[in-house]
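In what follows, a single structure is set out as structure tokens and then discussed.
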There are 2 protein chains.
Amino acid sequence: MPEVALSLSIGQVAERTGLSVHALRFYEREGILATPVRRGPGGRRVYSEWDMDWLDVCTRLRASGMPLTAIRRYADLVRAGAGNEEERLALLRRHQEHVTAQIGELTACLELISCKVRLYEDRVAADAADPLWSQPALPKNDSQELAPG
Amino acid sequence: MPEVALSLSIGQVAERTGLSVHALRFYEREGILATPVRRGPGGRRVYSEWDMDWLDVCTRLRASGMPLTAIRRYADLVRAGAGNEEERLALLRRHQEHVTAQIGELTACLELISCKVRLYEDRVAADAADPLWSQPALPKNDSQELAPG
DNA sequence: GCTTGACCTAGAGCCCGCTCTAGGATGCAG
DNA sequence: CTGCATCCTAGAGCGGGCTCTAGGTCAAGC
């Protein structure tokens, strides 16, 4: 019943998280890990399941644009133990808002891009249908001059 | 009827686009501008409405994570004139997919973050209701050890 | 016994996207 | 005339986030 706690080498962790071994050591130096990594014989790092879970959280925070300094702050709070939940909450809420805003902005950008894609699809299609219509020197619908790109 | 074409100084453009004057000059050096900026007396840059529109497109592409090299490529194509619409389309489509993927990833991250926010809201609320219940050394629901952060 | 490979530390190096400095011209206000 | 703001160029510098190098330890396999 008590499954043996899994323990991984840095190479294995790199493989599973997608982070490089360099990045993993770098994160550790930077205080990104909430608990000190255990060391095996020869001073080799031994990662626990908990470490993996934490790293997964970190990669998601990173993927959503949280800077390392903020992640370190969060790690510090977790390391410090119970009693600072309000601060953790505040930190997470700030990031939550940040990500929400980011999604909004990306969605707006996507709209513009999609609009341009449609425009070019039409142009290319028209060109294929009648190459003479759209090639000559600024026929009539001089979209090149009226709107950029 | 022919409204006088508006022309802006680099400072004014900086103000309206939110880019710094440094960034504007930098972009120009980097070939990000699709048309060469006109110069007024004393060699000063004079931006047209078209330039502004182009810059707006650029800032949206940047905001959605397109690297400067890709924007330069796009600018090169536009500068080259008609005949390369397929390539522009391909470039934009790639970015479109990229942005879509990014939104997906952010949304997933947001879910995790929101989940954690809720968790901490509950913890903090419980703590406020009964400080003695959640403070002492790992009471029972030892969430600290079972799940990171 | 020797090679190979995964690991260790400390620190240098790199890419991106700006940002700032130095040193100077121009133009307008008091 | 003298400030003062705004602009110019060329190029150095910077912050973030890794990435890589040098030099070394250790264990396994041939």
Side-chain angles (χ1 to χ4, degrees), chain A residues 6-33 36-48 51-52 55-75 95 98-99 102 105 109, chain B residues 6-33 36-48 51-52 54-75 95 98 102 105 109:
Chain A
L6 105 161
S7 56
L8 300 168
S9 71
I10 195 170
Q12 294 172 310
V13 173
E15 216 170 311
R16 316 205 172 185
T17 58
L19 294 161
S20 71
V21 296
H22 296 299
L24 285 168
R25 290 197 276 246
F26 168 71
Y27 278 14
E28 188 174 339
R29 267 188 297 202
E30 292 295 298
I32 295 305
L33 301 191
V37 183
R38 267 167 38 225
R39 297 303 179 114
R44 299 189 169 202
R45 289 172 180 82
V46 176
Y47 292 84
S48 67
D51 293 325
M52 292 296 291
L55 278 170
D56 286 346
V57 171
C58 288
T59 52
R60 278 185 173 274
L61 292 177
R62 277 295 301 129
S64 52
M66 186 183 278
L68 287 184
T69 52
I71 301 185
R72 169 164 46 231
R73 180 90 196 102
Y74 184 40
H95 187 56
H98 182 83
V99 174
Q102 217 180 326
E105 185 164 6
C109 293
Chain B
L6 105 160
S7 54
L8 300 168
S9 72
I10 194 169
Q12 295 172 309
V13 173
E15 216 170 311
R16 313 200 177 192
T17 58
L19 294 162
S20 72
V21 296
H22 296 298
L24 285 168
R25 290 196 276 247
F26 169 71
Y27 277 14
E28 188 174 340
R29 268 188 296 202
E30 293 294 299
I32 295 304
L33 302 190
V37 183
R38 266 166 39 223
R39 296 302 180 113
R44 297 186 170 205
R45 290 171 180 81
V46 177
Y47 293 84
S48 67
D51 292 325
M52 292 295 291
W54 176 255
L55 279 170
D56 286 346
V57 171
C58 288
T59 52
R60 280 188 169 274
L61 292 177
R62 277 296 301 128
S64 53
M66 185 182 279
L68 288 184
T69 53
I71 302 185
R72 169 163 46 232
R73 179 89 196 102
Y74 184 41
H95 187 57
H98 181 84
Q102 217 179 328
E105 186 164 6
C109 294

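Below, all heavy atoms of this structure are taken into account, side chains as well, without hydrogens, waters or symmetry copies. Chain A is the first sequence line, chain B the second, and so forth, proteins listed ahead of strands; every chain is numbered from 1.
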Kindly give the atom pairs (protein nitrogen or oxygen, nucleotide nitrogen or oxygen) under 3.5 Å for nucleotides 7-11 of chain C.
| residue | atom | partner | partner atom | Å |
| --- | --- | --- | --- | --- |
| C:dC7 | OP1 | A:Ser9 | OG | 2.8 |
| C:dC7 | OP1 | A:Gly11 | N | 3.1 |
| C:dC8 | OP1 | A:Arg45 | N | 2.7 |
| C:dC8 | OP1 | A:Arg45 | NH1 | 2.9 |
| C:dC8 | OP2 | A:Arg25 | NH1 | 2.7 |
| C:dC8 | OP2 | A:Arg45 | NH1 | 3.2 |
| C:dC8 | O5' | A:Arg45 | NH1 | 3.4 |
| C:dT9 | OP1 | A:Arg39 | NH1 | 3.2 |
| C:dT9 | OP1 | A:Arg39 | NH2 | 3.2 |
| C:dT9 | OP2 | A:Arg45 | NH1 | 3.0 |
| C:dT9 | OP2 | A:Arg45 | NH2 | 2.7 |
| C:dG11 | N7 | A:Arg29 | NH1 | 3.0 |

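- In terms of the side-chain contact (heavy atoms from CB on, under 4.5 Å) criterion, residue partners of A:Arg29 (sequence neighbours excluded) are, by chain and number, A:Phe26.
- Sorted by first and then second residue, the salt bridge (charged side-chain N to carboxylate O under 4.0 Å, His left out) pairs involving residues 62-75 of chain A (not counting sequence neighbours) are A:Glu30-A:Arg72, A:Arg73-A:Glu87.
- Rounded to whole angstrom, the span from the CD atom of B:Glu30 across to the C1' atom of C:dC16 amounts to 10 Å.
- With sequence neighbours left out, the ring pair (Phe, Tyr, Trp, His ring centres under 6.0 Å) criterion links A:Tyr74 to A:Trp54.
- Nearest-nucleotide assignment on DNA chain D puts the 5′-proximal partner with A:Tyr27, out of A:Pro41 and A:Tyr27.
- Partner B:Val13 forms a side chain to side chain contact (heavy atoms under 4.5 Å, CB included) with one of B:Leu24, B:Val21, B:Leu19 and no other, that one being B:Leu24.
- Here D:dC20 presents its C1' atom at 15 Å from CG of A:Leu24, a figure rounded to the nearest Å.
- Counting only residues at least two apart or in different chains, side chain to side chain donor-acceptor pair (under 3.5 Å) contacts with residues 6-16 of chain A comprise A:Ser9-A:Gln12.
- In this structure, CZ on B:Arg44 lies 11.5 Å from CZ on B:Arg39, to the nearest 0.5 angstrom.
- When each of B:Asp51, B:Asp56, B:Leu8 is checked for a side chain to side chain contact (heavy atoms under 4.5 Å, CB included) with B:Thr17, only B:Asp56 meets the rule.
- Rounded to a whole Å, the CZ atom of A:Phe26 is 17 Å from the C1' atom of D:dT21.
- Only at 4.0 angstrom or more do the heavy atoms of residues 56-66 of chain B sit from any atom of DNA chain D, so none qualifies.
- Using a 4.5 Å heavy-atom cutoff, the side chains of B:Arg25 and B:Arg45 are in contact.
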